[in-house]
Number of protein chains: 2
Amino acid sequence: MKNGRCREKHWWHGKFRGCGYRVTVAREAILDVLARTDKHMSAEDIYMKLHPIYPNIGLTTVYRTLDVLSNLALIFKLEIGDGRARYELAESPKKPSHHHHLVCTGCKKVVDYSDFIDQEVKLLQETEKGLSEKYNFKITNHLIQFYGLCSECLPRT
Amino acid sequence: MKNGRCREKHWWHGKFRGCGYRVTVAREAILDVLARTDKHMSAEDIYMKLHPIYPNIGLTTVYRTLDVLSNLALIFKLEIGDGRARYELAESPKKPSHHHHLVCTGCKKVVDYSDFIDQEVKLLQETEKGLSEKYNFKITNHLIQFYGLCSECLPRT
DNA sequence: TATATTATTAGCAATGATTATCATTAACAA
DNA sequence: TTGTTAATGATAATCATTGCTAATAATATA
């Protein structure tokens, strides 16, 4: 059975090579960490998770690798307003492909949701079209996030 | 005729006092700068604008004041993803009361839009209600932003 | 109006996430 | 196996923002 731990070829190897990137231990390890969690981890979270197993992978490499993986669209960078970026795998069997985020401003936990996503996407498309024309923008991206307190943080306020 | 320059009492004086804040030159000057622009300015933008007139207002004070004004909900803090927060007056005759933002990733210009806002608000309310119940969150806020290139930045790519 | 109280401020140092530098190491094509 | 060159790790640098502290100014009170 396949898993992310062994060094056999994964589908993304082609994507790496096709873009002139090499397949390295650090890159596989970081992808692997993100593939094994449903959390939204910061660079340092990933570094800490990796360190016991790969003590020679530095924080700088984690940042650089996350940047590469972002550029390859293998992962998404997510800013939740606390000045520390989080990352999540772009495609995952665990999560719906198109989703938005619900962020707890207490513990910074992020929940993926895809409820109402069809209506959201529909409205987004209309809005995007309208805005493009009216303001003469080439729109490339959007961001929808809800902020609040989760059930664990709420009692603590 | 009233304007923001003279030191006569403004409606927000009550809000200041009611919350135990004092009305100071720096606070009025910063509110005034934000009231006179439709741009979305960073702390340093505001500092630079203020400096020729009030050379004794320091950058630290600008940050602190923006924080106070944010807490009083007189202004909104706006993060556009470049690590530098922008600020805008919460209520202004110049801009629609409820609006979202269209951000140019080239020059970081921010356009307020309120097109489609009614549908957006309606959907947001439904989504918020649904998410609150399903995930047991107390939702306090939301963020909708579109990103793209404005007509000036597009040709430069 | 003069004075006491205490919030506010300026200047500077410190923080903390992220990025640049550069000598060394490792992928991988041949 | 080896040469080329991308990738790495350690450290220093950056940059927006915040902490600190003595000095100042806004307001309450006499």
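Chain identifiers are assigned alphabetically (A, B, ...) following the order of the sequence lines, protein sequences preceding nucleic acid strands; residue numbering begins at 1 within each chain. Small disclaimer: the values here were computed from a predicted structure and weren't measured. What's counted below: heavy atoms across the whole structure, side chains too, no hydrogens, waters or symmetry copies.
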Could you tell me the separation between the CG atom of Leu69(A) and the P atom of dA7(D), rounded to a whole number of Å? 11 Å
When you check the phosphate oxygens OP1 and OP2 of dT27(D), does a side-chain N or O of Arg17(B) lie under 4.0 Å from one of them? yes
Looking at Arg27(B), I'd like to know whether one of its side-chain N or O atoms comes within less than 4.0 Å of OP1 or OP2 on dT9(C). yes
What residues 60-68 of chain A contributes to the DNA chain C interface at heavy-atom separation below 4.0 Å is Thr60(A), Tyr63(A), Arg64(A)
If we count only N and O atoms by modelled type, under 3.5 Å, do the side chains of Glu28(B) and His13(B) hold a donor and an acceptor together? yes
For His51(A) and dA10(D), what is the distance between atoms NE2 and C1' respectively, to the nearest whole Å? 12 Å
Restricting to side chain to side chain contact (heavy atoms under 4.5 Å, CB included), what partner residues turn up for Asp112(B), sequence neighbours left out? His40(B), Glu88(B), Lys95(B), His99(B), His101(B)
Check the distance between dA16(D)'s P and Lys77(B)'s NZ and give it to me in whole angstrom. 14 Å
Checking dT8(C), dA10(C), dT18(C) against the side chain of Tyr21(B) (C-beta onward), the nearest is dT8(C)
Whole angstrom value for the distance that separates P of dT8(C) from CG of Asn56(B): 17 Å
Taken to the nearest 0.5 Å, the spacing of Glu152(A) CD from Cys150(A) SG works out to 5.0 Å
Rounding to a whole Å, what distance do you find between Arg22(A):CZ and dA27(C):P? 9 Å
Acceptor/donor pairs from residues 62-76 of chain A side chains to any protein atom, 3.5 angstrom cut, sequence neighbours excluded:
from     : atom 1 : to       : atom 2 : distance (Å)
Arg64(A) : NH2    : Thr61(A) : OG1    : 3.4
Thr65(A) : OG1    : Thr61(A) : O      : 2.7
Asn71(A) : ND2    : Asp67(A) : O      : 3.4

Would you say dT9(C) has OP1 or OP2 under 4.0 Å from some side-chain N or O of Thr24(B)? yes
Phosphate-side-chain proximity, Arg84(B) and dA16(D), N/O vs OP1/OP2 below 4.0 Å: yes
Tell me if the NZ atom of Lys108(B) is crowded by more than 12 foreign heavy atoms within 6.0 Å. yes
Inter-residue atom distance Asp38(B).CG - Leu89(B).CG, 0.5 Å rounding: 11.5 Å
Kindly point out which of dC28(C), dT9(C), dT17(D) is positioned nearest to the side chain of Ala26(B)? dT9(C)
Distance check needed: dT5(D) P versus Phe16(A) CZ, whole Å only. 21 Å
Without decimals, in angstroms, what is the distance between Tyr87(A) OH and dA17(C) P? 12 Å
Can you measure Asp82(B) atom CG to dA17(C) atom P for me and round it to whole angstrom units? 18 Å
Relative to each other, are the rings of His142(B) and His98(B) parallel, tilted or perpendicular (30° and 60° limits)? parallel
Per nearest nucleotide of DNA chain C, the residue lying toward the 5' end, Gly58(B) or Gly20(B), is Gly20(B)
